[in-house]
Amino acid sequence: MNSPVRALLAAALALTAAPAVQAKDVPVCTYRIDNAFPHDTGAFTEGLLFDQGLLYESTGQKGDSRIVVRKLETLDPVREAEVDPSVFGEGLVDWKDQLISLTWRDRIGYRWDRKSLKLLGTFSYEGEGWAMTRSGNTIYQSDGSASLRLRDPATMRQTGSLAVTADGRPVENLNELEWIDGEIWANVWMTDRIARIDPRTGKVSSWLDLTGLREQAGGAGVDAVLNGIAWDAAARRVLVTGKNWNQIFQITPICPKGA
């Protein structure tokens, strides 16, 4: 999903679908930067999550896909595992004592031991794999379309789907996901926006416009886009980054009254 050619196609799609992304009736939130932390500029970020003081990140690109676990304040890995160099690594989610990761078009998923990052096994699935988040025993998975696939983490079988809309129009290119306080937050690929989605209806309740972060993080090139959302539930802080950015930002949304 992240080749330069596909990026250009996505840019064209974004122009075609502009009304869905810019729906005027959906409130638009801005942001405040509360803190910043280092990010590996070599990391083509696909999945990001934070739990119990550790940051978990999955990266893409064939030959450079990996899972990295580290403290937020340093780039030194606590643990690291390489993904098969023949595949393009994608999103990441936690479940019990495991981490589960996807691949883009290879239709191969991986189960990792959370503590050691030892590979526990693989599974197969239909369609493209982009990103994942989880609420309880339901995984929400994006595939670049305007729908999220619901999966059972024990089997990774699809149990349903959720169509995502803004003012009745489909929101294409849903990418990295995070469950935050009963909402699904989703990067819209090739844009500076995050959609905040009501998981009961699939409707976008508000947009979070992060224009300016990419430049501040040194994001250069067509692929260096916003992509990475993590929620530190204990400290109640939102962390965002992008592909090959040099920083992870802790932000607070600033929304219109009632949004």
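Atom set for the values below is all heavy atoms of this structure, side chains included, hydrogens, waters and symmetry mates excluded. Sequential numbering from 1 along the given sequence is applied to the chain's residues.
- In this structure, Ser147 and Ala163 approach most closely via the heavy-atom pair OG-CA, 3.8 Å.
- Looking only at side-chain heavy atoms (C-beta outward), Phe88 and Glu46 come within less than 4.5 Å of each other.
- Looking only at side-chain heavy atoms (C-beta outward), Pro85 and Ser65 stay at 4.5 Å or farther from each other.
- Comment: Asp64 does not engage Lys62 in a salt bridge, judged by the lack of any side-chain N to carboxylate O separation of less than 4.0 angstrom.
- Note that CG of Leu177 and CD1 of Ile197 are 7.0 Å apart. Values are rounded to the nearest 0.5 Å.
- Summarising the geometry, atom CG belonging to Leu226 is positioned 12.0 Å from atom CZ belonging to Arg193; distances are rounded to the nearest 0.5 Å.
- No donor-acceptor pair closer than 3.5 Å links the side chain of Arg214 to the backbone N or O of Gly218.
- By the neighbour-count criterion of 12 heavy atoms within 6.0 Å, atom CD of Glu80 is densely surrounded, having more than that number from other residues, nucleotides or ligands.
- Nearest heavy atom pair, residue Trp207 against residue Ala195, reads CZ3-CB, 3.5 Å.
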What verdict does the side-chain contact (heavy atoms from CB on, under 4.5 Å) test give for Leu210 and Leu208, after you've listed the backbone C-alpha separation in whole Å, the side-chain angles of each residue and the deciding distance to 0.1 Å? CA-CA 6 Å; Leu210 299 182; Leu208 178 55; 3.7 Å; yes
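- Formation of a donor-acceptor pair under 3.5 Å by the Gln247 side chain with backbone atoms of Phe249 is not found in this model.
- Around atom CD of Glu73, more than 12 heavy atoms belonging to other residues, nucleotides or ligands sit under 6.0 Å away.
- The existence of a salt bridge linking Lys115 and Asp97 is excluded, since no basic side-chain nitrogen approaches an acidic carboxylate oxygen closer than 4.0 Å.
- Residues Leu49 and Ile229 are not in side-chain contact: their nearest non-hydrogen atoms beyond the backbone lie 4.5 Å or more apart.
- Note: Tyr110 and Trp112 have tilted aromatic rings, judged against thresholds of 30 and 60 degrees for the angle between ring planes.
- Checked for salt-bridge contact, Arg66 and Asp40 meet the test: a charged N lies under 4.0 Å from a carboxylate O.
- Scanning all heavy atoms of the two residues, the minimum distance from Arg149 to Asp143 falls at NE-OD2, 3.0 Å.
- Asp34 and Thr252 share a donor-acceptor pair across their side chains, judged by distance under 3.5 Å alone.
- In this structure, Ile184 is a member of the same hydrophobic cluster as Val164, with clusters built from ILVMFWY side-chain heavy atoms closer than 4.5 Å.
- Listed for the Ser142 side chain is a donor-acceptor partner under 3.5 Å among the backbone atoms of Ala131.
- Proximity of a side-chain donor or acceptor of Ser58 to a complementary backbone N or O of Glu90 within less than 3.5 Å is detected.
- Taking NZ from Lys71 and CG from Asp76, the interatomic distance works out to 12.5 Å, rounded to the nearest 0.5 Å.
- In this structure, Trp189 and Val225 have side chains that are in contact, with non-hydrogen atoms separated by less than 4.5 Å.
- For Trp185 and Trp179, the gap between ring centers reaches or exceeds 6.0 Å.
- A donor-acceptor pair is defined here as one N or O able to donate and one able to accept, closer than 3.5 Å; no such pair exists between the side chain of Glu57 and the backbone of Ile67.
- A salt bridge links Asp51 to Arg114: at least one charged side-chain nitrogen sits closer than 4.0 Å to a carboxylate oxygen.
- The existence of a salt bridge linking Asp232 and Arg237 is confirmed by a sub-4.0 Å separation between a basic side-chain nitrogen and an acidic carboxylate oxygen.
- Judged by distance alone, with hydrogens and angles left aside, the side-chain atoms of Ser116 form a donor-acceptor pair with the main-chain N or O of Lys118 at under 3.5 Å.
- Two residues are said to be in side-chain contact when any heavy atoms from C-beta on lie closer than 4.5 Å; Asn137 and Trp95 meet this criterion.
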Applying side-chain contact (heavy atoms from CB on, under 4.5 Å), run through Arg32 and Ile251 and close with a yes or a no. CA-CA 5 Å; Arg32 180 184 73 230; Ile251 62 166; over 6 Å; no
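- By the rule that hydrophobic residues join a cluster once side-chain heavy atoms approach within less than 4.5 Å of another member, Tyr125 and Val93 end up as members of one cluster.
- Within the model, atoms CZ of Arg70 and CG of Leu75 stand 5.0 Å from one another, a figure rounded to the nearest 0.5 Å.
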Please step through side-chain contact (heavy atoms from CB on, under 4.5 Å) for the pair Leu72 and Ile248, ending with a clear verdict. CA-CA 9 Å; Leu72 189 58; Ile248 294 173; 4.2 Å; yes
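- Taking 4.5 Å as the limit, every side-chain heavy atom of Val188 sits out of range of all side-chain heavy atoms of Asn175.
- Distance alone, capped at 3.5 Å, is enough to place a donor-acceptor pair between the His39 side chain and the Trp245 backbone.
- The shortest side-chain heavy-atom distance between Val68 and Thr59 does not fall under the 4.5 Å cut-off.
- Side-chain contact between Leu48 and Thr241 is present, with at least one heavy-atom pair separated by less than 4.5 Å.
- Interatomic distance, CZ of Arg151 versus CG of Leu102, reported as 7.5 Å (0.5 Å rounding).
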Please step through side-chain contact (heavy atoms from CB on, under 4.5 Å) for the pair Asp152 and Ile139, ending with a clear verdict. CA-CA 6 Å; Asp152 176 356; Ile139 286 176; over 6 Å; no
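- Closest non-hydrogen pair, Ser205 versus Pro27, comes out as O-CD, 3.4 Å.
- Taking all atoms of both residues into account, the shortest heavy-atom contact from Ala166 to Val26 is CB-CG2, 4.2 Å.
- Just one residue in the list Val240, Asn187, Thr133, Ile194 forms a side-chain contact (heavy atoms from CB on, under 4.5 Å) with Glu178, and that residue is Thr133.
- One N or O on the side chain of Asn244 and one on the backbone of Thr41 form a donor-acceptor pair closer than 3.5 Å.
- The backbone N or O of Gly136 sits less than 3.5 Å from a side-chain atom of Arg134, completing a donor-acceptor pair.
- Salt bridge annotation for Arg169-Asp167: absent, with no cationic side-chain nitrogen under 4.0 angstrom from a carboxylate oxygen.
- Judged purely by atom type and a 3.5 angstrom limit, Thr103 uses its side chain to pair as donor or acceptor with the backbone of Ile108.
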